[in-house]
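Small disclaimer: the values here were computed from a predicted structure and weren't measured. Chain identifiers are assigned alphabetically (A, B, ...) following the order of the sequence lines, protein sequences preceding nucleic acid strands; residue numbering begins at 1 within each chain.
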Amino acid sequence: MAFGRRQYPFHLIEPKWQRQWDEQQAFRAWNPGETVPADHPLAQRHPNTKPEQLPKFYILDMFPYPSGAGLHVGHPEGYTATDILARYRRACGYHVLHPMGWDAFGLPAEQYAIKTRQHPRKTTEQNVATFKRQIKSLGFSYDWSREVDTTDPKYFKWTQWIFLKLYNSWFNPATNRAEPIERLPYPAELESEANAAASAELETKRRAYRDSKRLAYVTEAPVWWCEGLGTVLANEEVVDGKSEVGGFPVTRKPMRQWMLRITAYAERLLADLETIDWSDSLKEMQRNWIGRSEGAEVDFEIADSRLTTGERIRVFTTRPDTLFGATYMVLAPEHKLVERITTAERRSAVEAYRIEVAKKSDLERTELAKEKTGIFTGAHAINPVNKERIPIWIADYVLISYGTGAIMAVPGHDMRDFEFATRFGLPIVEVVRPPAGNDWHGYVDDGTSVNSASAEVSLNGLATPEAKKKITAWLEKKGLGKKTVNFKLRDWLFSRQRYWGEPFPIVWKTGSDGTPYHEALPEASLPVIPPPLDDYKPTPDGQPPLARAKDWLNLPNGSKRETNTMPQWAGSCWYYLRYLDAHNDGAYVGKNAERYWMGTEENPKSKKVTPGVDLYVGGTEHAVLHLLYARFWHKVLFDLGQVSTAEPFYKLVNQGLILGEDGQKMSKSRGNVINPDDILVEYGADAFRLYEMFMGPLEMVKPWSTKGVEGVYRFLGRAWRLFVDEKSETEFEQAETTAENRKELLKLIQLNPAIKDTQPTPAQLKTLHACIKKVTEDLDGMRFNTAISALMVFINEAMTWETKPASALRDFLILLQPFSPHIAEELWQKLNAALNTSHSALTYAAWPKFDPALLVEDTLEIPVQVNGKLRDVIRVPANATPAELEAAARSSEKVKPFVEGKTIKKVIVLPRKLVNIAVG
RNA sequence: GCCGGUGUGGCGAAAUGGCAGACGCACAGGACUUAAAAUCCUGGGGCUAUAAAAAGCCGUGUGGGUUCGAGUCCCACCACCGGCACCA
């Protein structure tokens, strides 16, 4: 690679300071009760202060999956932003927790293990080492003493422990929270006192009841089976009928699976979004995913003399006001009543349709462009409001998994029903009158009810919201239906047929009646470690790989271990808690550490603290899944008294994607991937960090430009040359070509003689304080790009100073330090050594305060407009009165021609701001 | 289709309703140099005009509106990006 003269010796400076920070453990955070050594920079900054007396700031990155490909330029974007803020907060006097770790369970390592027959731990360790080296080379101020790895048995012991908490809890709807399973009340017929005699059989029933209430439960359900990956996938991991990972086709298959009852928390997951500081778009994505909708359940009687049991079909509708317009019903093809209601003459046709639907992939079934399909069952139902007989159809546009799996079809006012009715010639009636000018056919918005009256109830003339209320009340009174809330959110499919994941701490036994049942292993048996295998593939008969380990599988007491493993999300659901107390062997997190870092500890010396993680930065790809799952686990732990906040992440920011130089998404196939290692070699970590932040606002999508890196690199070069003596640098460069001890070479570089310990001039102070103000305010608002431009403005200005006052340059280095810490440290050291000034660690040097008094101007440039158009800029004393301002503006030679001969209608004078003359 | 975001020079971008384009890239001219690289200085939205200026007009996706004044607020569109997608 051809590059010109190195702007400054970053290749020596960066490793030097990284080593120094490591040796000093400069960024270590301390838990309550720990003693900070007196020579640690934190202790020097805050002498005689216990760490828990300092205000905390917990700043978190989404930890990476350490893939074999190494870091890409997207990772350091968020990491740099959080690092800048972590360093800024330390300078402001906060006690900062800024940790990093590895989300290291996952499919790629497992697939490599299948290929090579070597334990996935091996590739995992190699990849972690690569990631760690790369991340360290960027000079981030992580507290590496708290590093976590989800695949470490010391870590996943506690993942399994939390699973046991879920397993041993149930959701009490009366208290709206999770409670220990021992406190589960049983229905009267299962109460043991009442049935003291009947023991074994009763206990089996009680167990079945208990197991059906747990937050972690087993179900036989159709799941997405992916042949290519040899595992089931969660709904969220299936995209367009293919696996999100690898793009293999998936099919529906009924299997025994572990589920987590996240739906119990739907209401709270939704409501508590109001209490946290996330972007609107992110909250909206979560709301959509949870998908709350209010409506009513309504029962329709089946009109068929063959069914003597008075079968009813229950539907869910958000528009009970349109009940009079229900002209037919549709059941999902999988609905359990289909078989019973289908008439003899329709049976073969219905069966054929159901088989056809079952064959379809999800993609085909949800294809919107296609025409709706369905078939008549031969049966009829009675519309409960007008007693009309309406036909019952089955169609695949009704989903078995939402609501009750059945709908009342109102083709007049629902587009899907309208399409279906049009295709099959079903009656369409108007029951909502739209505002004038709209066609009622397929009108789905609010209007006025019409044609909606019976002998008992009339909605006619009512606006839609009132009509909903009235009919719902009527249905409830008649016992025909009730107000209901439905959610799109489904329970979380939590088991995978994989090797490289956390094994469940569960065993299976056989009951006295021969049916298998599950039981939790005792806490003392944790962690359950996956045994090494000769072959990491699933078994030939489709069992998970763990089933190959016969010795491990079968316990001496005859029970068998669960062979499923947990999904990758499990480890990432709580890692932010483990960081708080990463080496605690007695608990997943210690009480005091949790209360201090999550901000609920009583702390009179603290400033106002935020509950939970103060700032969490990561990509949008985790907008729903990880963030919803983690919130769910956190709420369960909260209910069980294990954590002290209801939400884990108080403020969350998504960084925007970085595109290739061609404006396209980076990908190997496009050949536009930028490797951070290459950038570091050529420009150094400081320039790389600075560029990532200078590109544009953090949340925006933006294209990479290596030319842009050169720009900020040149800026650092200018800053360097401002501080150092050019002659000595030339000597250094010559010495470097021959010298052996390169570390000592940096000492050859002398401070610029123009830097003197003198009082800054008022103009210099103004330049400095304008910079302090801008950088401080921009960091508070996370506007890194404009903060950097303020630093550039300062340097451009300071270059012109003949005498450079040391005090101003010291303050500048404190401002630069969060962005480009290595060069700032080096210059700080030189400056202090040359001038014999105090030599405290730059990373804990107090952030300068700007003095507004220094920014005050004597005279101001005031724009003068005529009819809002700029005509002149006049210089006036800063304290000019409005009358003086107006007079000065009107006497401007440039303004006169636009005013003369016209009537002045109005003059707007904003002191210190502008004058605008409105003429007619 | 629904929800969210974004549209400003050749490019990345900046602008509490008050001088549009800070800062940076690319570019052009100059200084230094035998020459180049690096560095330093200067210039710069478009159009009209001019020897050069001065000056004027136009300009923040499009069309309207509010206002003394709109990139910014309101209404209606268009384009691109992201998410959801037969959820009754």
Side-chain angles (χ1 to χ4, degrees), chain A residues 2-7 279-289 291-293 295 315-319 322 330 365-368 370 372 395-399 401-410 414-417 419-420 444 486-490 620-621 623-624 654 656-657 659 661 663 665 690-691 694-697 699-712 714-715 717-718 721 726 774 783 785-793 796 799 861-873 894 897 904-910 913-919:
Chain A
F3 56 91
R5 181 184 154 181
R6 204 180 267 119
Q7 291 271 347
S279 72
D280 287 340
S281 71
L282 191 60
K283 285 187 182 181
E284 203 53 31
M285 276 194 232
Q286 293 231 332
R287 283 192 201 105
N288 289 340
W289 195 264
R292 183 183 196 274
S293 58
V315 302
F316 174 72
T317 177
T318 56
R319 292 297 299 271
T322 61
V330 187
R365 199 169 153 168
T366 56
E367 189 66 61
L368 278 178
K370 77 163 170 55
K372 294 217 172 348
D396 65 0
Y397 81 90
V398 173
L399 307 177
S401 50
Y402 182 78
T404 61
I407 60 157
M408 63 176 208
V410 184
D414 181 285
M415 279 321 293
R416 297 152 301 185
D417 297 343
E419 275 173 39
F420 191 81
V444 298
N486 244 308
F487 295 92
K488 283 203 281 189
L489 186 68
R490 311 289 152 79
T620 356
E621 66 272 21
V624 274
N654 284 126
L657 200 66
L659 306 173
E661 299 219 51
K665 226 177 206 165
L690 206 55
Y691 175 65
F694 188 61
M695 290 169 87
E699 312 89 307
M700 295 282 101
V701 177
K702 44 212 174 270
W704 179 268
S705 157
T706 300
K707 284 285 183 197
V709 186
E710 278 175 29
V712 294
R714 275 202 284 266
F715 157 69
R718 275 204 303 283
R721 288 190 296 276
E726 267 191 78
K774 182 79 177 139
R783 293 179 297 268
N785 54 332
T786 49
I788 293 167
S789 90
L791 295 173
M792 290 173 168
V793 169
N796 291 346
M799 295 282 277
E861 285 194 335
I862 301 292
V864 180
Q865 300 177 340
V866 178
N867 284 346
K869 285 193 181 180
L870 182 72
R871 295 304 174 189
D872 196 11
V873 178
K894 288 183 183 170
I904 294 179
K905 290 193 295 192
K906 195 173 177 183
V907 180
I908 286 97
V909 180
L910 299 179
K913 278 269 172 196
L914 113 165
V915 178
N916 187 9
I917 304 170
V919 298

Taken to the nearest whole Å, CD/E661(A) to P/G10(B) is 20 Å

_Between the base of C86(B) and the side chain of K372(A), is there a donor and acceptor pair under 3.5 angstrom?_
yes

Next on the checklist: With rounding to the closest Å, how many angstrom separate the P atoms on G46(B) and A53(B)?
Outcome noted: 14 Å

Looking only at A88(B), G4(B), C68(B), the nucleotide nearest the S293(A) side chain is A88(B)

Residue set satisfying salt bridge (charged side-chain N to carboxylate O under 4.0 Å, His left out) with R292(A), at least two apart, ordered chain then number -> E267(A), E294(A)

- Task: Sticking with atom P, work out how far A36(B) lies from A28(B), rounded to a whole angstrom.
- Result: 14 Å

The side chain to side chain contact (heavy atoms under 4.5 Å, CB included) partners of Q286(A) (sequence neighbours excluded) come to L273(A), W278(A), L627(A), L628(A), R631(A)

| message | How about CD on E726(A), more than 12 heavy atoms from neighbouring residues, nucleotides or ligands closer than 6.0 Å, or not? | response | no

Rounded to whole Å, CD of E699(A) lies from P of G5(B) at a distance of 13 Å

*Determine the Euclidean distance between corresponding C1' atoms of G45(B) and G10(B); express it in Å to zero decimal places.*
11 Å

Dot-bracket for RNA chain B, 5' to 3', Watson-Crick and G-U pairs with both distances under 3.5 Å, [ ] for crossing pairs, | for partner on another strand, reads (((((((..(((.....[....))).(((((.......))))).((((......))))..(((((..]....))))))))))))....

Report task. Mind checking Q7(A) for me? I need base, sugar-phosphate or nothing, with any heavy atom below 4.0 Å counting as a touch. Result -> sugar-phosphate

Considering only heavy side-chain atoms of M700(A), the closest of G5(B), C86(B), C84(B) is G5(B)

Between L282(A) and D417(A), whichever has its closest RNA chain B nucleotide further toward 5' is L282(A)

Sorted by chain and residue number, the side chain to side chain donor-acceptor pair (under 3.5 Å) partners of N486(A) (sequence neighbours excluded) come out as none

Applying side chain to side chain contact (heavy atoms under 4.5 Å, CB included) to N867(A) and not counting sequence neighbours gives A918(A), V919(A)

Report task. Quote, to the nearest angstrom, the C1' distance that separates G1(B) from C11(B). Result -> 35 Å

R783(A) atom CZ is separated from A14(B) atom C1', nearest whole Å, by 12 Å

The glycosidic conformation of G9(B), counting syn as within 90° of 0 and anti otherwise, is syn

note: W289(A), atom CH2; C3(B), atom P; distance rounded to Å ~ 19 Å

Quiz item: Say you pick atom C1' in G71(B) and the same atom in G18(B); how far apart are they, in whole Å?
Solution: 13 Å

note: M285(A), atom CE; G82(B), atom C1'; distance rounded to Å ~ 7 Å

Span that lies between the C1' atom of U50(B) and that of G56(B), in whole angstrom
13 Å

Check your understanding: Does R721(A) put a side-chain nitrogen or oxygen below 4.0 Å from OP1 or OP2 of C40(B)?
Key -> yes

*asked:* Between V873(A) and K894(A), is there a side-chain heavy-atom distance shorter than 4.5 Å?
replied: no

Quick tally for nucleotides 54-60 of chain B: nucleotides whose base has a protein heavy atom under 4.0 Å get B, sugar-phosphate-only ones S, the rest -, giving -SSSS--

To the nearest angstrom, the CG-C1' distance between L659(A) and C81(B) comes to 10 Å

So CG of N796(A) and CG of L791(A): to nearest 0.5 Å the spacing works out to 11.0 Å

Heavy-atom nearest nucleotide on RNA chain B taken for V701(A) and for T318(A); more 5' hit belongs to V701(A)

Quick tally for nucleotides 18-31 of chain B: nucleotides whose base has a protein heavy atom under 4.0 Å get B, sugar-phosphate-only ones S, the rest -, giving BB--BBSSS-----

Side chain to side chain donor-acceptor pair (under 3.5 Å) filter on R871(A), not counting sequence neighbours, yields none

Applying ring pair (Phe, Tyr, Trp, His ring centres under 6.0 Å) to F694(A) and not counting sequence neighbours gives none

Taken in chain and number order and not counting sequence neighbours, the residues that satisfy side chain to side chain donor-acceptor pair (under 3.5 Å) with E699(A) are none

In whole angstroms, the gap separating P of A85(B) from CG of L399(A) amounts to 11 Å

_Would you call the rings of Y402(A) and F316(A) parallel, tilted or perpendicular, taking 30° and 60° as the class edges?_
perpendicular

Contacts of V909(A) meeting side chain to side chain contact (heavy atoms under 4.5 Å, CB included) (sequence neighbours excluded), chain-then-number -> P882(A), L885(A), E886(A), V907(A), V915(A)

Contacts of K774(A) meeting side chain to side chain donor-acceptor pair (under 3.5 Å) (sequence neighbours excluded), chain-then-number -> D778(A)

Handout entry: Distance, P atom - from C75(B) to C23(B), rounded to whole angstrom
Key = 36 Å

Separation of C84(B) atom P from E621(A) atom CD, nearest Å, is 12 Å

| task | Quote, to the nearest angstrom, the P distance that separates U8(B) from A13(B). | result | 9 Å

